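Structure first, commentary second.
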Amino acid sequence: MLRIGWFSTGRGEGSRGLLRFVYERLADIDADIDFVFSNRAPGEAEGSDEYFRLVSQYGLPLITHSSTEFRRRRGGRFAEHRAEYDAEVQQLLAEHRPDVCVLAGYMLIASGEMCRSFPLLNLHPALPDGPIGTWQEVVWQLIEQRATRTGAMMHLATEVVDRGPVVSYVTVPLNTPELEPHWRELGERDVAEIKGRQSEDYELFRQIRAEQYRREPYLLLETLRALSNGAIALGSGLVEVTRADVSGSGDPFGGLCLDDQIEEAMLRDGAPPP
């Protein structure tokens, strides 16, 4: 059985939804969540308290260490003490031996030592050769580039943000008939001006994010399935694809392309096909 460590700040519905989505399907992939870790403490924020209630409802071990309180005690910039904070987290998790850890709405950047101590899977809302940054930054860059495709990837977290070894990915076409009117409306308009005036209410922005967002839980789930059944092996910061037959549509980035598996999973769930 695949043992999973789950890291999340637990700020809002997105974090709860991702945990709910995966937890309710774990029996199908022979996996179990060994613990949930949060960098917030109970009582610190309403959103994370709701998250903790969901964790308790599922009967999962919860371990917390407030990064806010840590910053108060240490003073200065958190980045200067990141390694020290992570060392304290590792002590709290010392009795656990997860096969893989998932960063699911975890709002801290892990230190190099933390990345070397745990195989940390990070979900990034772009293809391996795509933009880096937050999902908002990614979407605006895609619009600026007039991109014809995007996607999402799972990669091993390293000290190089959003650029660790690729584990898996899903592609998302952006030149579809549904999006074509929005691209036509954009034309040669200045994206910075649109961003300033309409921000995330801009319809093309909303549509691109929606296409990414509905695939991301399935990418995480199918990646965990591939780890559970041995299609992917992780070790010493490396990713090995041990069963290339699961990829189906080619593998230009390393790691697994899970387009076919995700489409099948969405159809099983009755979700609109990609």
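Keep in mind that the numbers below use all heavy atoms, side chains included, and drop hydrogens, waters and symmetry copies. All values derive from a computational prediction rather than experimental measurement.
- Hydrophobic clustering (side-chain heavy atoms under 4.5 Å, transitive across Ile, Leu, Val, Met, Phe, Trp, Tyr) groups L256 together with V100.
- Proximity of D201 to S199: side-chain heavy atoms (C-beta onward) are nowhere separated by under 4.5 Å.
- For the side-chain hydrogen bond (donor to acceptor under 3.5 Å, both in side chains) test, no residue two or more places apart in sequence or in another chain qualifies with T148.
- Minimum heavy-atom separation, L219 to T223: O-OG1, 2.6 Å.
- Residues passing the salt bridge (Lys or Arg N to Asp or Glu O under 4.0 Å) test with E185, sequence neighbours excluded: R189.
- Within the 4.5 Å cutoff, the side chain of S8 has no heavy atoms near those of the L19 side chain.
- Distance alone, capped at 3.5 Å, is enough to place a donor-acceptor pair between the S38 side chain and the R40 backbone.
- L224 and L156 fall within a single hydrophobic cluster, where Ile, Leu, Val, Met, Phe, Trp and Tyr side chains are chained together by heavy-atom contacts under 4.5 Å.
- The ring-ring contact (aromatic ring centres under 6.0 Å, His included) check on Y23 picks up Y58, with sequence neighbours excluded.
- Residue L121 holds its CG atom at 7.5 Å from OG of S168, rounded to the nearest 0.5 Å.
- When hydrophobic clusters are built by joining Ile, Leu, Val, Met, Phe, Trp and Tyr residues whose side-chain heavy atoms come closer than 4.5 Å, directly or via intermediates, L127 is grouped together with V166.
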Donor-acceptor contacts under 3.5 Å from residues 41-51 side chains, at least two apart:
{"residue": "E44", "atom": "OE1", "partner": "A41", "partner atom": "N", "Å": "3.1"}
{"residue": "E44", "atom": "OE1", "partner": "S66", "partner atom": "OG", "Å": "2.8"}
{"residue": "E44", "atom": "OE2", "partner": "T68", "partner atom": "OG1", "Å": "3.2"}
{"residue": "S48", "atom": "OG", "partner": "A45", "partner atom": "O", "Å": "3.1"}
{"residue": "D49", "atom": "OD1", "partner": "G43", "partner atom": "N", "Å": "2.8"}
{"residue": "D49", "atom": "OD2", "partner": "G43", "partner atom": "N", "Å": "3.3"}
{"residue": "E50", "atom": "OE1", "partner": "R16", "partner atom": "NH2", "Å": "3.4"}
{"residue": "Y51", "atom": "OH", "partner": "W6", "partner atom": "NE1", "Å": "3.2"}

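- In summary, E88 and R74 engage in a salt bridge, as defined by a charged side-chain N under 4.0 Å from a carboxylate O.
- Heavy atoms only, all atoms of each residue included: F78 and S67 are closest at CE1-CB, 4.2 Å.
- Within the 3.5 Å criterion, the main-chain N or O of M114 finds no donor-acceptor partner in the side chain of D86.
- Under a 4.5 Å side-chain heavy-atom criterion applied to ILVMFWY residues, the cluster that includes L142 comprises W135, V138, V139, W140, I143, V172, L174, L179, W183, L186, V191, I194, Y202, L204, F205, I208 as well.
- Considering only residues two or more places apart in sequence or on other chains, E216 meets the salt bridge (Lys or Arg N to Asp or Glu O under 4.0 Å) condition with R209.
- The two residues C257 and Q261 come nearest to each other via the heavy atoms O-OE1, 3.9 Å.
- Surrounding OH of Y213 are at most 12 heavy atoms belonging to other residues, nucleotides or ligands under 6.0 Å away.
- Between the Q212 side chain and the P125 main chain, a donor and an acceptor come within less than 3.5 Å of each other.
- For the side chain to side chain contact (heavy atoms under 4.5 Å, CB included) test, residues two or more places apart in sequence or in another chain that qualify with L62 are V36, F52, V55, T64.
- The line from CG of L227 to CG of D30 is 12.5 Å long, rounded to the nearest 0.5 Å.
- A pairwise comparison of heavy atoms in A104 and L18 identifies CB-CD2, 3.7 Å as the closest pair.
- Remark: H81 engages no residue in a ring-ring contact (aromatic ring centres under 6.0 Å, His included) (not counting sequence neighbours).
- Once rounded to the nearest 0.5 Å, the distance linking CD of E263 with OH of Y218 reads 12.0 Å.
- Taking both residues in full, the closest heavy atoms of L120 and A110 are given as CD1-CB, 3.8 Å, listed atom of the first, atom of the second, then distance.
- Placement of V22 and M266 within a single hydrophobic cluster is found when ILVMFWY residues are connected by side-chain heavy-atom separations under 4.5 Å, directly or transitively.
- Connection of F21 to M154 is established within a shared hydrophobic cluster, with ILVMFWY side chains joined at heavy-atom distances below 4.5 Å, either directly or through further cluster members.
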- Message: Quick one, E13 with R20, criterion salt bridge (Lys or Arg N to Asp or Glu O under 4.0 Å). Give me CA distance, side-chain angles, the key distance, then yes/no.
- Response: CA-CA 10 Å; E13 176 54 38; R20 187 181 298 113; 3.4 Å; yes
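- Between the CG atom of L92 and the CD1 atom of I63 there is a distance of 7.0 Å, given to the nearest 0.5 Å.
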- Task: Kindly determine whether H124 and H155 satisfy side-chain contact (heavy atoms from CB on, under 4.5 Å), including the steps that lead there.
- Result: CA-CA 8 Å; H124 180 63; H155 68 91; 4.1 Å; yes
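- Between R97 atom CZ and R3 atom CZ the span is 9.0 Å, to the nearest 0.5 Å.
- Counting heavy-atom neighbours within 6.0 Å of R146 CZ, excluding the residue itself, gives a total above 12.
- L123 approaches A152 most closely through the heavy-atom pair CD1-CB, 4.4 Å.
- A salt bridge does not link E211 with R149: none of the charged nitrogens is closer than 4.0 Å to a carboxylate oxygen.
- Residues passing the salt bridge (Lys or Arg N to Asp or Glu O under 4.0 Å) test with D269 are R25, sequence neighbours excluded.
- Residues V170 and L258 are not in side-chain contact: their nearest non-hydrogen atoms beyond the backbone lie 4.5 Å or more apart.
- With sequence neighbours excluded, no residue satisfies salt bridge (Lys or Arg N to Asp or Glu O under 4.0 Å) with E137.
- In this structure, the side chain to side chain contact (heavy atoms under 4.5 Å, CB included) partners of A31, at least two apart in sequence or on a different chain, are L2, I4, L26, I29.
- Atom CD of E222 sits about 10.5 Å away from atom CD1 of I232, to the nearest 0.5 Å.
- Judged by distance alone, with hydrogens and angles left aside, the side-chain atoms of Q141 form a donor-acceptor pair with the main-chain N or O of I132 at under 3.5 Å.
- Residue pairs meeting the ring-ring contact (aromatic ring centres under 6.0 Å, His included) criterion with at least one member in residues 93-116, sequence neighbours excluded, are F7-Y106, F35-H96.
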